[in-house]
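Since the structure comes first, as structure tokens, the remarks are kept for the end.
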Amino acid sequence: MEHRTFEFRLRSSHGTPDRHTQSLVVELLTDSGEWQPQVPSLTTPGFRLYLLSLLLCQHHYLVANAQERAIPLQQVKGSFTVTTSADWILEQVHGAFSIQLDPATSPEDRARADADALDYIRERMKLCPVSRNLAATVAKQIELNLAA
């Protein structure tokens with residue numbers, strides 16, 4: 001059975017005082033092997049918009065819950081791979097996100113990004129409405145780690 005694979009990568013920066021997203025770049029790996037920046041518009045293919053919404057919802061929940069926990073985010077990087085059947089039915093979603101903390105903050109502030117906090121954020125990311133509306137047959141895996 002033939003499959004289709006869609007690969008995205010994401011980078012965002014987050015600064016003081018509120019750690020909101022200050023810049024966000026999302027790219028799609030094209031069939032020619034080049035990363036193409038994604039700037040959604042009314043002419044973006046609908047299925048690509050759907051996949052982008054899935055990725056951006058995960059990112060939003062990551063950032064919002066890090067803010068809730070007062071984790072001093074500086075940067076988020078992510079890779080996102082979606083596999084579909086030959087007829088475009090989602091089969092598998094795999095996201096791997098890495099957060100980098102602001103080194104200018106105190107060790108106490110950075111310590112908030114402990115294993116329990118990362119587990120909490122990972123679980124909250126699963127509550128993203130776009131993810132929750134995926135069919136139960138879709139294999140979903142979301143990873144979140146702290147960059148060294």
Side-chain angles (χ1 to χ4, degrees), residues 1-15 18-103 110-148:
M1 179 181 234
E2 187 178 323
H3 297 277
R4 299 175 193 269
T5 301
F6 301 88
E7 292 185 57
F8 295 88
R9 66 183 181 189
L10 171 146
R11 272 185 330 277
S12 63
S13 63
H14 308 268
D18 54 19
R19 302 292 172 189
H20 288 300
T21 303
Q22 294 177 335
S23 69
L24 175 63
V25 175
V26 176
E27 297 172 303
L28 168 70
L29 186 61
T30 65
D31 292 338
S32 64
E34 296 180 47
W35 289 101
Q36 178 184 64
Q38 297 298 288
V39 183
S41 72
L42 293 175
T43 61
T44 303
F47 190 73
R48 188 176 310 163
L49 285 173
Y50 176 69
L51 297 180
L52 287 167
S53 70
L54 185 58
L55 170 57
L56 293 175
C57 192
Q58 294 298 309
H59 177 264
H60 174 77
Y61 270 60
L62 187 165
V63 173
N65 286 285
Q67 287 173 321
E68 179 182 296
R69 290 287 179 114
I71 294 172
L73 284 182
Q74 181 177 49
Q75 186 175 62
V76 174
K77 290 184 179 179
S79 65
F80 205 69
T81 304
V82 178
T83 305
T84 72
S85 65
D87 56 351
W88 303 83
I89 304 299
L90 266 67
E91 295 178 341
Q92 184 175 12
V93 173
H94 178 257
F97 296 88
S98 175
I99 61 172
Q100 182 179 341
L101 303 180
D102 186 343
R110 291 191 307 275
R112 290 187 195 117
D114 61 11
D116 287 340
L118 294 180
D119 286 343
Y120 173 81
I121 293 169
R122 194 177 304 107
E123 288 303 310
R124 296 289 297 176
M125 290 171 72
K126 292 177 185 176
L127 299 178
C128 157
V130 182
S131 298
R132 290 179 63 175
N133 277 288
L134 291 174
T137 57
V138 177
K140 298 167 263 195
Q141 182 181 7
I142 300 295
E143 300 171 19
L144 176 62
N145 67 63
L146 187 58

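Applying the side-chain contact (heavy atoms from CB on, under 4.5 Å) criterion to V25, with sequence neighbours excluded, gives R11, E27. Scanning for salt bridge (Lys or Arg N to Asp or Glu O under 4.0 Å) contacts around D114 gives an empty result, with sequence neighbours left out. Remark: A111 engages no residue in a side-chain contact (heavy atoms from CB on, under 4.5 Å) (not counting sequence neighbours). Residues satisfying the side-chain contact (heavy atoms from CB on, under 4.5 Å) test with Q141, not counting sequence neighbours, are H94, E143. Scanning for side-chain contact (heavy atoms from CB on, under 4.5 Å) contacts around A135 gives T137, V138, with sequence neighbours left out.
Residues F80 and I142 share a closest heavy-atom pair of CE1-CD1, 4.3 Å. Among all heavy-atom pairs drawn from T44 and V39, the shortest one is OG1-O, 4.0 Å. The heavy-atom pair separating I99 from L62 by the smallest distance is CG2-CD2, 3.7 Å. The heavy-atom pair separating R110 from P103 by the smallest distance is NH1-O, 3.3 Å. Considering all non-hydrogen atoms of both residues, Q38 and Q36 come closest at NE2-O, 3.1 Å.
Using modelled atom types, no side-chain atom of Q58 and backbone atom of C128 make a donor-acceptor pair closer than 3.5 Å. Proximity of a side-chain donor or acceptor of R112 to a complementary backbone N or O of I71 within less than 3.5 Å is not detected. Listed for the R4 side chain is a donor-acceptor partner under 3.5 Å among the backbone atoms of A86.
Here the straight-line distance linking atom CZ of F6 with atom OG1 of T30 works out to 12.5 Å at 0.5 Å rounding. Considering CE of M125 and NZ of K140, their distance stands at 13.5 Å, rounded to 0.5 Å. A distance of 5.0 Å separates CZ of F8 from CG of L51, quoted to the nearest 0.5 Å. The CG atom of L146 sits 9.0 Å away from atom CD of Q100, with the distance rounded to the nearest 0.5 Å. Interatomic distance, T5 OG1 to E91 CD, rounded to the nearest 0.5 Å: 9.0 Å. Interatomic distance, CG of L90 versus OG of S85, reported as 8.5 Å (0.5 Å rounding).
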Derivation of the side-chain contact (heavy atoms from CB on, under 4.5 Å) call for N145 and L118: CA-CA 7 Å; N145 67 63; L118 294 180; 5.5 Å; no

Verdict with supporting geometry, K77 and Q75, side-chain contact (heavy atoms from CB on, under 4.5 Å): CA-CA 7 Å; K77 290 184 179 179; Q75 186 175 62; 3.3 Å; yes

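Each of T83, T84, V82, T81 was compared with Q92 under the side chain to side chain contact (heavy atoms under 4.5 Å, CB included) criterion, and only T83 meets it.
Relative ring orientation between W88 and F47 is described as perpendicular, the plane-to-plane angle rising above 60° on a 0-90° scale split at 30° and 60°.
Because its NZ or CZ atom is both nearer than 6.0 Å to the ring centre of Y120 and within 45° of the ring axis, R69 counts as a cation-pi partner of that residue.
S13 and S23 form a side-chain donor-acceptor contact under 3.5 Å, judged by distance and modelled atom types alone.
V63 is listed as a side-chain neighbour of L73, based on a closest heavy-atom distance under 4.5 Å. Counting heavy atoms from C-beta on, the side chains of V76 and S98 never come closer than 4.5 Å. Residues C57 and P129 meet the side-chain proximity criterion, which asks for heavy atoms closer than 4.5 Å.
Note on R19 versus D102: salt bridge recorded, some NZ/NE/NH1/NH2 to OD/OE distance being below 4.0 Å.
Under the ring-ring contact (aromatic ring centres under 6.0 Å, His included) criterion, the residue pairs touching residues 50-77 are H14-H59, with sequence neighbours excluded.
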